2 protein chains.
Amino acid sequence: MGQSQTEQALSRLREMVFSGELAAGSNHFEADLADRLGMSRTPVREAALTMKAQGLVDVQPRRGVRVCPISAEDMADIYDVLCELESLAAARAAERGYTANDLQIAQNCIDAMDAALTDNDRTAWAEADDRFHAELVRLGGNARVIEIVARYTDQVRRARMMTLPLRPLPVKSNEDHRAVLDAIQIGDAARARDLHRAHRNAARSLLTGLIRDLGLHRL
Amino acid sequence: MGQSQTEQALSRLREMVFSGELAAGSNHFEADLADRLGMSRTPVREAALTMKAQGLVDVQPRRGVRVCPISAEDMADIYDVLCELESLAAARAAERGYTANDLQIAQNCIDAMDAALTDNDRTAWAEADDRFHAELVRLGGNARVIEIVARYTDQVRRARMMTLPLRPLPVKSNEDHRAVLDAIQIGDAARARDLHRAHRNAARSLLTGLIRDLGLHRL
DNA sequence: ACCCTTAATAACGTATACGTTAATGTATGC
DNA sequence: GCATACATTAACGTATACGTTATTAAGGGT
């Protein structure tokens, strides 16, 4: 048997939020969403409640489900969190003494990013970048860090996709990734942490600056 | 007008989890909980779903709502997160140039901890300690950090209360707090960060060691 | 014309009903 | 005696019904 209606509602609503089909800041009644998804209000309500706990939507009486917009300040706050926790993960990964084989998935992500760069395919690059960061965090071995990074990555996913074509080609980013992975491989935790922190700080400045400069106040 | 049934269910169930009235690892059917709370299954279900998203319980078909136990590894993971994010908050707070007046609440918490120590009142100490950490994080000014620290503090709340009488009197802890607050007041972000990180690392070692040594594998 | 009162509406919060399904116990065949 | 098939049960998942309440619109008074 497949998944429950609630699970379906959750994954479909998440997709609708990420893709922008439900625009940032827009409101949607439970009954409407239930109709669109072909189910009753109950599973929609439960999914909305979960998404509220994940910080993706607000739920207000008689205003429906509201897709949380991301401001430049939100972006800065979230990248601060990602910066700290991912660089912690990098340090922990370095301490774990992984073999080259253990790091193969991360290596593949980097290769995919390189390939995407030469193809000038930003979407493929962003996808591989996402996978690299998730894998790095997984290698850190802290279940809570994995959770948090996944949640806050989701919160900025839509905003990041929208700014993707506005950013310079992320050539430096790929070098950063390689350096971090090297530090992990040779077991230099402090170096892995510092390199990754610098990498994320750069991303933070770039994105918040972009949002601010272009007046994209509510993504 | 009071709060909704769902909100009541949420706060009462949270209280039952924190106090241990619902023991770690125990299972509870929705219908039973609904009876105990004097309401129907619907609001209980919604509250349980929210608590699941907060990592306080698991919800499994035909096994009911299960209170998540905390292992030594969980404790270590969570303190790693708290360590990073609270010390980030300390650094950010230092950068903000707060006046002595702005830091009054934190100062009051430290004083309360001192008083609790001379009274040998561990419960009062723990409560003031909680408030100090929450205030520190608030001073950091990052809404996401505030959220995360609150959530993971909740996850270890019950376990921390249970180990409270087993710990040595936290004299050093009060000195640490003072030093961190001093660093914030003089605007030394790096020092505030490092001091707080050391403080949290000590707490981490103490608690995980305690759990491991006493064989308290599932708190 | 504007404001205040009031009625209509619609979305929600919650109770309830009911079909589904997994777990348990029982009976039957080997 | 053991395993397997079947019946029973109980908890859940989901639809639905309904009372509550905020919002909107209308109407009347100033």
Side-chain angles (χ1 to χ4, degrees), chain A residues 1-17 20-69 151 154 218, chain B residues 1-17 20-69 151 154 218:
Chain A
M1 251 290 264
Q3 44 187 8
S4 69
Q5 300 281 77
T6 301
E7 287 167 327
Q8 277 191 41
L10 185 60
S11 59
R12 293 181 61 186
L13 287 177
R14 281 170 56 91
E15 200 41 57
M16 288 161 86
V17 167
E21 183 179 342
L22 303 181
S26 61
N27 289 83
H28 305 274
F29 295 128
E30 292 172 4
D32 292 346
L33 293 173
D35 281 349
R36 285 169 76 168
L37 300 184
M39 56 183 70
S40 80
R41 275 176 54 214
T42 306
V44 171
R45 228 180 119 77
E46 296 192 346
L49 220 56
T50 298
M51 291 174 75
K52 177 185 169 188
Q54 294 174 347
L56 290 173
V57 302
D58 272 342
V59 178
Q60 294 166 323
R62 275 153 209 93
R63 297 209 154 159
V65 177
R66 178 163 178 274
V67 180
C68 290
R151 165 164 306 160
D154 281 348
R218 315 247 88 194
Chain B
M1 192 66 59
Q3 44 186 7
S4 70
Q5 300 283 78
T6 300
E7 287 167 326
Q8 276 190 42
L10 185 61
S11 60
R12 292 180 62 185
L13 288 177
R14 280 170 58 91
E15 200 41 57
M16 288 161 86
V17 167
E21 184 179 341
L22 303 181
S26 62
N27 290 83
H28 306 274
F29 296 127
E30 293 172 3
D32 292 345
L33 293 174
D35 281 349
R36 285 169 75 169
L37 300 183
M39 56 183 71
S40 80
R41 275 176 53 214
T42 306
V44 171
R45 229 181 119 77
E46 297 192 347
L49 220 57
T50 298
M51 290 174 75
K52 176 185 170 189
Q54 294 175 346
L56 291 172
V57 301
D58 271 342
V59 178
Q60 293 165 324
R62 274 149 207 96
R63 297 208 156 159
V65 176
R66 177 163 179 275
V67 180
C68 290
R151 165 165 307 159
D154 281 348
R218 317 246 87 193

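Small disclaimer: the values here were computed from a predicted structure and weren't measured. Numbers restart at 1 for each chain; the letters A, B, ... are given by sequence-line order, proteins then strands.
Evaluation of atom-type donor-acceptor distances gives no pair under 3.5 Å for the side chain of R62(B) against the base of dG13(D).
Positionally, the nearest nucleotide of DNA chain D for M39(A) lies more toward the 5' end than for the other of M39(A) and P61(A).
Contact check, T6(A) against dT14(D): a side-chain N or O comes under 4.0 Å of OP1 or OP2. Taking 4.0 angstrom as the limit, Q60(B) places none of its side-chain polar atoms (N or O) nearer than this to OP1 or OP2 of dC12(D).
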Q: List the steps, then state whether side chain to side chain contact (heavy atoms under 4.5 Å, CB included) holds for M51(B) with V17(B).
A: CA-CA 10 Å; M51(B) 290 174 75; V17(B) 167; 3.8 Å; yes
Q: Walk me through it: do Q8(B) and L37(B) pass the test side chain to side chain contact (heavy atoms under 4.5 Å, CB included)?
A: CA-CA 9 Å; Q8(B) 276 190 42; L37(B) 300 183; over 6 Å; no
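Atom pair N27(B):CG and dA10(D):C1' shows a separation of 15 Å (rounding to whole Å applied). Residue Q3(A) contributes atom CD, which lies 17 Å from atom C1' of dT21(C) at whole-angstrom precision. Whole-Å rounding puts the Q5(A) CD to dC18(C) P distance at 20 Å. Atom CD in Q8(B) sits roughly 13 Å away from atom C1' in dG13(C) (whole-Å rounding). Note: CZ (F29(A)) to P (dT9(C)) measures 16 Å, nearest angstrom. Regarding H28(B), its NE2 atom lies at a distance of 14 Å from the P atom of dA11(D), rounded to whole Å. In this entry the distance linking CG of D32(A) with P of dC12(C) reads 8 Å, nearest Å. Distance, R41(A) CZ to dT16(C) C1': 14 Å, rounded to whole Å.
When all heavy atoms are compared, the tightest approach of A34(B) to V44(B) is CA-CG2, 3.6 Å. Heavy-atom minimum distance, V67(A) versus A23(A): CB-O, 3.4 Å.
Using a 4.5 Å heavy-atom threshold, the side chains of H28(B) and M16(B) count as separate.
Minimum atom distance to the side chain of R45(A) is reached by dG13(C), of the listed dA15(C), dG13(C), dC12(D). Comparing dT14(C), dA15(C), dT20(D) against the side chain of S40(B) picks out dA15(C) as the nearest.
S4(A) comes within 4.0 angstrom of sugar-phosphate atoms only, judged by non-hydrogen atoms across all strands, and of no base. R63(B) comes within 4.0 angstrom of nothing in the nucleic acid, heavy atoms only.
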